[in-house]
There are 2 protein chains.
Amino acid sequence: MKQSQTPRRTQAERTRASREKIIHSAIEAFARNGFRGAKLADIAKAAGLTEPGLLHHFPSKTHLLMEVLKERDRIDSERMRATLQKNGNQLLEAGIELVKHNQTVPGLVQLFNLLVTESISPDHPAHEFFIERYQRERGHWIQAIVQAQQAGEIRSDISPEALAVLIFAIMDGLQMQWLMEPEKIDMAGLFRVMMNMLKAESGR
Amino acid sequence: MKQSQTPRRTQAERTRASREKIIHSAIEAFARNGFRGAKLADIAKAAGLTEPGLLHHFPSKTHLLMEVLKERDRIDSERMRATLQKNGNQLLEAGIELVKHNQTVPGLVQLFNLLVTESISPDHPAHEFFIERYQRERGHWIQAIVQAQQAGEIRSDISPEALAVLIFAIMDGLQMQWLMEPEKIDMAGLFRVMMNMLKAESGR
DNA sequence: AAAAACTTACCTAATACAAGGTAGGTAAGT
DNA sequence: ACTTACCTACCTTGTATTAGGTAAGTTTTT
């Protein structure tokens, strides 16, 4: 009745299981209430332990946040690059697939959306993280856009840099409205509409 | 030395002045830290009074938030409708002007951006407010888009509803990147690029 | 027109109660 | 014998809100 919370044999396994559960709970909590709004106690409880129990694994709330972000970012960034490479010469299709996938994980989308806006304040713990993230991700896209323009897939009358910013803007903006009214906003559909406008034929 | 904080003659004037100062300070504080992150004490201090002094005018923090939102919304909504009517038959130009104006008031932009994402949680005090706001504002734009399409100003191969969502998405998404790196992102310029794609000529 | 009664704007002080983090212990695993 | 995972208390700080008072402005009464 006391040690049923994480019944694993080895310590390494228990640690890993606990950390995973904590991160999972933290994602939910941060997504629902943001960094400042989320309570460590709730996260701990949802992960099946107490507040100090949680703090044994992550020394502070801020550390937990950063771990959560790094963890998700690693996964997402890889997915993005993979998707881009998979549909290599079809950049726009890759983008649509990405948005489609996002429709599967509203919690994560909300997490990043909320934390991005929160982190605009320079004193937010994730401030630098997100600036770097945007620059890095935009950089990847710019590379891909250059290639797509050379291959004649995308209209060439707009600079790759501008296109990258615009594509991210559309993604982010659609996410906001979609999160508010999920069944009313067809995020992937609308994104595709936009992407079609970027195809080479419709350029001058 | 004691009564220099709001030196007005009549009570009505003092009240109005205090409320104005409070709302102004609240806008700044909410913009910087969001609703949950902003502290009543700071807002009160910035307005030149104490915490209970503030609460004399607004019964609670939540009430204050809602007043702030209503106040700003009234002004912004009117500006939007005015701009739309002024450049009546040039909807896209009106939009660009709106974005240009937003570049003038980063604090307000950040306020709304942060509160929108925060308020996606159904238990947020401004949840309903923002859902209604989006629906209302989109409604206005849909009307205007219908007219612009009939006038041949905008391409007609996309439904007015979809266009409205997309335009708001671009605005919101550009705002996010602009708020993060104000001197790197040319919000109005990029918005214009997008609007040009919506013009009638570039449709099929 | 002056005084009395009341209302309003605000203050100081106290309350309530989260919520992050610490101290030090116990029991399981190594 | 030692380290690790975790718990039960405890502490601290921050922050919304209340209690009750004071002084200035406003209305009513005389």
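Numbered from 1 within each chain, the chains take letters A, B, ... in sequence-line order.
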**Complete:** Comparing nearest nucleotides in DNA chain D, the 5'-proximal residue of the pair B:A38, A:T50 is A:T50
**5'-most by nearest nucleotide on DNA chain D - B:A12 or B:R36** = B:R36
In this structure, how many angstroms lie between the [atom2] atom of [N] and the [atom1] atom of [X], rounded?
{"X": "A:L64", "N": "C:dG20", "atom1": "CG", "atom2": "P", "value": "10 Å"}
{"X": "A:K61", "N": "C:dG21", "atom1": "NZ", "atom2": "P", "value": "8 Å"}
{"X": "A:R16", "N": "D:dT4", "atom1": "CZ", "atom2": "P", "value": "18 Å"}
{"X": "A:E51", "N": "D:dA9", "atom1": "CD", "atom2": "P", "value": "15 Å"}
{"X": "A:L54", "N": "D:dC7", "atom1": "CG", "atom2": "C1'", "value": "13 Å"}
{"X": "B:I43", "N": "D:dG14", "atom1": "CD1", "atom2": "P", "value": "17 Å"}
{"X": "B:L49", "N": "D:dA23", "atom1": "CG", "atom2": "C1'", "value": "16 Å"}
{"X": "A:E13", "N": "C:dG29", "atom1": "CD", "atom2": "P", "value": "11 Å"}

With the threshold set at 4.0 Å, does a side-chain nitrogen-carboxylate oxygen contact exist between [X] and [Y]?
{"X": "A:R136", "Y": "A:D73", "value": "yes"}
{"X": "B:E67", "Y": "B:K70", "value": "yes"}
{"X": "B:E20", "Y": "B:R16", "value": "yes"}
{"X": "A:E97", "Y": "A:K86", "value": "yes"}
{"X": "A:E93", "Y": "A:R192", "value": "yes"}

**First of A:D42 and A:L55 reached from the 5' end of DNA chain C, by closest nucleotide** = A:D42
Can you tell me if [X] and [Y] form a side-chain donor-acceptor pair at under 3.5 Å?
{"X": "B:Q147", "Y": "B:E153", "answer": "no"}
{"X": "B:R138", "Y": "A:Q177", "answer": "yes"}
{"X": "B:S121", "Y": "B:H124", "answer": "no"}

Within the pair [X] and [N], is there a side-chain N or O less than 4.0 Å away from OP1 or OP2?
{"X": "B:T10", "N": "D:dG25", "value": "no"}
{"X": "B:H56", "N": "C:dC11", "value": "no"}
{"X": "B:S18", "N": "C:dC10", "value": "yes"}
{"X": "B:H57", "N": "C:dC10", "value": "yes"}

**Request:** May I ask you to say what B:L40 touches in the nucleic acid, namely base, sugar-phosphate or nothing, with a heavy-atom cut-off under 4.0 Å?
**Result:** sugar-phosphate
**Asked** Counting any heavy atom closer than 4.0 Å, what does A:A44 reach on the DNA or RNA strands: base, sugar-phosphate only, or nothing?
**Response** nothing
**Prompt:** If pairs are Watson-Crick or G-U with both distances under 3.5 Å, what is the dot-bracket string of DNA chain C, marking crossing pairs with [ ] and pairs to another strand with |?
**Reply:** ||||||||||||||||||||||||||||||
[X] side chain: which of [options] is closest?
{"X": "B:S60", "options": "D:dG25, D:dT17, C:dC11", "value": "D:dT17"}
{"X": "B:R14", "options": "D:dT8, C:dA28, D:dA24", "value": "D:dA24"}
{"X": "B:Q11", "options": "C:dT8, D:dC6, D:dA16", "value": "C:dT8"}

